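The model shown is predicted, which means the values in this text are computed figures rather than measured ones. As the structure lists them, so they are numbered: ligands from 1, and atoms in each ligand from 1.
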Amino acid sequence: MDFTVNEQTRAMIQLMQRFMEREVFPLERAFLSRGFPAIESEAEALRRKVRQMGLWAPAQPKEYGGMGLPLTDFALVSEVLGQSPLGHYLFGCQAPDAGNIEILHEHGTPDQKKRWLGPLVRGEIRSCFSMTEVELPGSNPVMMDTTAVKEGDDYVINGQKWYTTAADGAAFAIVMAVTDPEAAPYRRASMIIVPTDTPGFDLVRNIAVMGHSGSGPFSHAEILYHSCRVPRSNLLGSEGDGFRIAQERLGPGRIHHAMRWLGVCRRAFDLMCRRAVTRPIAPGQVLADKEIVQAWIAESAAEIESARALTLQTAWKVESLGWKEAREEISMVKFVVANVMQRVVDRALQLFGGLGMTDDTVIAFFYRHERAARIYDGADEVHKLSLAHRILKPYREAHRAGEGGLDVFRG
Ligand SMILES: Cc1cc2nc3c(=O)[nH]c(=O)nc-3n(C[C@H](O)[C@H](O)[C@H](O)COP(=O)(O)OP(=O)(O)OC[C@H]3O[C@@H](n4cnc5c(N)ncnc54)[C@H](O)[C@@H]3O)c2cc1C
């Protein structure tokens, strides 16, 4: 493994960092106090600038107007952009669009690509991904109530979803629905494109998450699909492919999240260090003079470095050996980085005291919003169980074959 960064990538990252500091961080104040609508037009202007600078959609294929960066380079870029809640949106690589772009790229028909993929990569429209249901466990999505029943040339969709991130203002949803209840569990569901202006697509509310319902790309909706009729040509892949495609989408999604979380860590850590050396705490003393604060800073630095190394190693393995070979690392990265981020943000908030609880810095936003990292795209427990299952498998087999003694010295 060699993570040397070449000159071109280094220059690009420096350019992005400067842009974040000069153009993006100053926009956060209005975003945090007045929400996304207050900054939407400025955000559009910044997106235009990003395009002019040739930095648009870093992870997306060049053929659709993205930069086509390799995953290890995108990891470094994503860390820079993740320093602000606005970074990924302004550079055209925000979830859930990034994942939906991958689905359309891999499984879309030429017509679907023309209508949805091109405009999505160019940032002309937004999308959402509608799988989780209110009444059934998202951790075990084969338990799904939403149905898509064939009627003539159409599917008629009925069901109730929630946590459909960024549905507010999206042009279409990719919906997971049961198309064949009699099939084997992982062949029951399919993915279907549903334009949000279809009659029967009913956005009930933006759910208040940690007290904030948000709006636009920064919201999570509850949606009722009520006899929602779309043409059968809106099916993605083949009928019954829903879980297979979801698995393909979630693998990249998990590592993309981890890369962004490193940015959250970096910003919280940087703010924590700045505050520590400037906040007086006793005559002639600042917070940084206190050993407990020094311990927080040392522990955070070490944890962030370890999380970054694991993320880069996973990205490298994905690039060189493919997603399937990197399944264990992807599970590790998902829960390790989410927990490092939570600890670092918590320490930063604690160090900022009362100021940390306000929206006068970005820390409280990170604290509220990034707690969900341990839940979405597979809760910590689900990843730990599947990782332990894989690790233990050869040990169980060896034990069954009478091998794998305990090397206990007796006598
Ligand atoms: C901010 C946010 C954004 C989201 N965005 C989207 C989106 O865009 N589209 C979408 O479809 N969904 C989205 N989700 C939903 C998310 O994927 C689900 O919340 C997640 O899959 C967990 O499902 P659940 O909430 O139903 O919890 P449950 O499945 O009910 O699980 C509850 C808890 O039980 C524990 N648990 C689960 N399984 C096991 C197990 N096998 N063993 C031991 N413990 C277990 C875990 O601690 C878990 O947190 C989002 C969620 C959040 C919070």
Identity and separation of the nearest protein heavy atom to [atom]:
atom	answer
atom 45 (C) of ligand 1	Glu381 CB, 4.1 Å
atom 20 (C) of ligand 1	Ile375 O, 3.6 Å
atom 6 (C) of ligand 1	Tyr163 O, 2.7 Å
atom 17 (O) of ligand 1	Thr132 OG1, 3.6 Å
atom 49 (O) of ligand 1	Ala379 CB, 3.5 Å
atom 39 (C) of ligand 1	Val382 CG2, 4.1 Å

Looking at [atom], tell me if a protein heavy atom falls under 4.0 Å from it.
atom	answer
atom 15 (C) of ligand 1	yes
atom 2 (C) of ligand 1	yes
atom 47 (O) of ligand 1	yes
atom 25 (O) of ligand 1	no

[X] (side chain) donor-acceptor with [Y] (main chain) under 3.5 angstrom:
X	Y	answer
Lys113	Gly118	no
Gln60	Arg122	no
Ser219	Gly216	yes
Arg10	Val5	yes
Lys334	His383	no
Glu319	Thr72	yes

Among Thr165, Val209, Asn100, Val175, closest by any non-hydrogen atom to atom 8 (O) of ligand 1: Thr165
Among Ile174, Leu385, Asn140, which one has a heavy atom closest to atom 41 (N) of ligand 1? Leu385
Strictly under 6.0 Å, is that where the ring centroids of Phe31 and Phe365 end up? yes
What do you reckon, are the aromatic ring centroids of His257 and Tyr376 less than 6.0 Å apart? yes
Less than 3.5 Å apart, any donor N or O on the side chain of [X] or [Y] sitting next to an acceptor on the other?
X	Y	answer
Asn158	Thr147	no
Ser190	Tyr155	no
Glu21	Gln83	no
Asp2	Thr4	yes

Out of all atoms in ligand 1, which are within 4.0 Å of some heavy atom of [X]? Include the element for each.
X	value
His220	1 (C), 3 (C)
Pro137	26 (O), 29 (O)
Ala372	1 (C), 53 (C)

Looking only at distances, can you tell me whether any N or O atom of [X], backbone or side chain, sits closer than 3.5 Å to an N or O atom of ligand 1?
X	answer
Phe129	yes
Ser139	yes
Gly138	yes
Met131	yes

